[in-house]
Trainee: 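Encoded as structure tokens, here's the structure I'll be asking about.
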Amino acid sequence: MGKTDKCTQIVKEDERVISPFTRVPYYPLVIKRGYGAMVEDTDGNQYIDLLSSASALNTGHSHEKVVEAIIEQVREFIHYTPAYMYHEPLVKLAKEIIKITPGDCAQKVAFGLSGSDANDGMIKLARAYTGRSKIISFIGAYHGSTYGALSLSAISLNMRKKIGPFVPEIYHIPYPDCYRCTFGKEEKSCNMECLKHLELAFNHYIPAEEVAAVIIEPIAGDIGLVVPPKKYVEKLYDLCKKNGILFVTDEVQQGFGRTGKWFGIENFEVVPDIVVMGKSIASGMPLSAIVARKEIMDSCDAPAHLFTMGGNPVSCKAALATIEIIKDQKLLEHTRQLGEYVKQRFNEMKTKYEIIGDVRGLGLSIGVDLIKDTQTKERAREAAAKICYRCWEKGVIITFFGNSVLRIQPPLVIKKEQMDKALNIIEESIQEYIKGNIPDEVLEVAKGW
Ligand SMILES: Cc1ncc(COP(=O)(O)O)c(C=O)c1O
């Protein structure tokens with residue numbers, strides 16, 4: 001890494017004027033520009049991006065087609081709220097989203113600005129459509145930071161302390177985590193205790209007939225990219241159907257090609273009732289969407305869910321370009337193939353370094369879980385922080401979450417050679433950590449979730 005004087009100066013100024021409650025700090029990287037899977041900082045250092053702005057840039061940085069679409073729309077008009085008037089990009093985009101959303105669930109769309117507001121809208125629709133108030137979510141879930149979305153979330157005490165009360169009637173159950181089973185089971189001894197937990201709840205304190213929806217991330221993202229077993233998702237789905245409960249998939253992080261399918265839930269044999277999307281939908285422009293059958297989308301009275309800036313035409317044009325790019329550049333196939341290769345490389349590392357406890361994921365949504373001990377699987381938080389920091393120093397943007405899990409979510413346009421270079425840097429950094437060559441001081445900076 002070269003000089004970082006300008007970055008350091010800007011970060012100092014940032015700390016003076018920006019509230020810390022909007023950030024999870026990793027290292028002082030100040031972005032100047034981005035192209036494809038590469039990022040440059042204000043001092044001219046270059047990095048391979050394995051984070052994609054938290055999985056919000058699946059088509060890469062400033063894709064030419066996205067930039068052109070944005071400029072074209074900005075020249076026409078920047079915004080006129082769809083809350084009062086109409087515009088064509090909104091309608092065109094809704095039609096395209098309906099085409100790519102799985103099953104017959106996609107008939108109408110409601111646009112917003114962020115994954116969080118879309119999850120709030122989902123709560124409103126689920127309650128209005130079913131006439132029921134209760135929602136089931138998961139421990140470890142992150143659905144956003146507005147009050148509704150945060151009430152669905154259960155990932156961090158710091159996100160909940162001091163700010164309650166939350167939206168009532170939301171219940172959290174254990175996520176099916178086969179590597180660190182809440183019920184202490186192994187694959188052989190597993191009897192779907194996590195699902196039984198929900199059945200138990202239905203029998204004792206949550207009347208199933210009062211539950212409007214179950215919301216699940218098809219891969220639990222921010223808790224450490226935990227992939228649920230297929231049969232769990234299918235049984236959960238059956239349980240919902242049996243009890244008239246809506247099955248909702250939060251695709252904000254896993255959607256738009258991240259897992260090698262348009263939506264993460266397509267990796268499972270179920271057809272959701274409501275799909276919530278955001279992040280990569282518009283390649284970095286603010287946009288979110290809720291998609292469902294007509295009768296669900298028409299169940300709330302107007303204007304229960306409108307945002308002056310929602311469904312912005314510039315964002316809609318960027319989203320139309322995003323869909324075209326994913327199709328034209330065959331990014332779904334590329335993601336599946338490269339994802340398998342990346343997992344194989346990490347699995348090879350796993351045989352060499354005991355610190356790697358688990359490698360998991362679908363497509364280019366891969367988690368590498370670092371542990372202190374192969375028996376106890378105790379999370380190696382310090383190792384994760386130090387390795388991420390050293391990777392940054394060597395030119396790779398990578399973060400960790402879930403206390404110990406390296407987050408591998410590069411832009412889907414990343415080339416194999418770039419990925420190889422990044423993987424080599426990660427391996428070198430792991431070796432340096434094992435040798436004790438990464439100082440403790442970095443922990444002051446790389447705090448993480
Ligand atoms: C699964 C999931 N849902 C919702 C959100 C919230 O999205 P946003 O930050 O755009 O409001 C996130 C953000 O990380 C997410 O990962």
Trainee: Residues two or more places apart in sequence or in another chain: which of them pass ring-ring contact (aromatic ring centres under 6.0 Å, His included) with Phe263?
Mentor: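 Result, ring-ring contact (aromatic ring centres under 6.0 Å, His included) vs Phe263: Phe256.
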Trainee: In this structure, which one of Asn58, Leu225, Leu364, Ile366 forms a side chain to side chain contact (heavy atoms under 4.5 Å, CB included) with Gln409?
Mentor: Leu225
Trainee: Under a plain distance cut-off of 3.5 Å, with no hydrogens placed, do Glu393 and Tyr27 share a side-chain donor-acceptor pair?
Mentor: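 Per modelled atom types, Tyr27 and Glu393 side chains form no pair under 3.5 Å.
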Trainee: For the residue pair Tyr147 and Phe166, does the interplanar ring angle fall in the parallel (under 30°), tilted (30 to 60°) or perpendicular (over 60°) class?
Mentor: tilted
Trainee: Assess, by modelled atom type and distance only, whether the side chains of Arg381 and Ser404 contain a donor and an acceptor separated by less than 3.5 Å.
Mentor: no
Trainee: Salt bridge check: are Asp373 and Lys377 linked by an N-O gap of less than 4.0 Å?
Mentor: no
Trainee: When the aromatic ring centroids of Trp449 and Phe401 are compared, is their separation below 6.0 Å?
Mentor: no
Trainee: Any ion pair linking Asp358 and Lys350 (charged N to carboxylate O, less than 4.0 Å)?
Mentor: no
Trainee: With a 3.5 Å cut-off and no angle check, do the side chains of Tyr35 and Gln46 form a donor-acceptor pair?
Mentor: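 There is such a pair (donor and acceptor under 3.5 Å, judged by atom type) between the side chains of Tyr35 and Gln46.
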Trainee: Do the ring centers of Tyr26 and Phe400 come within less than 6.0 Å of each other?
Mentor: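 Distance test on ring centres: under 6.0 Å, yes.
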Trainee: Would you kindly say whether Thr249 and Glu251 are connected by a side-chain donor-acceptor distance under 3.5 Å?
Mentor: yes
Trainee: Taking the six-membered ring of Phe247 as reference, does the cationic atom of Lys241 (NZ for Lys, CZ for Arg) lie under 6.0 Å from its centre and within 45° of its axis?
Mentor: no
Trainee: Does any donor atom in the side chain of Thr259 or Ser365 lie under 3.5 Å from an acceptor atom in the other side chain?
Mentor: no
Trainee: Taking the basic N atoms (NZ, or NE/NH1/NH2) and the acidic carboxylate oxygens, is any pair closer than 4.0 Å for Lys231 and Glu234?
Mentor: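 Result for this pair is no, no salt bridge flagged.
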Trainee: Return the set of residues passing side-chain hydrogen bond (donor to acceptor under 3.5 Å, both in side chains) with Lys235 (not counting sequence neighbours), or none when no residue passes.
Mentor: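 Partners of Lys235 under the side-chain hydrogen bond (donor to acceptor under 3.5 Å, both in side chains) test: none.
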Trainee: Under the side-chain hydrogen bond (donor to acceptor under 3.5 Å, both in side chains) test, which residues partner Lys386, sequence neighbours left out?
Mentor: Asp440
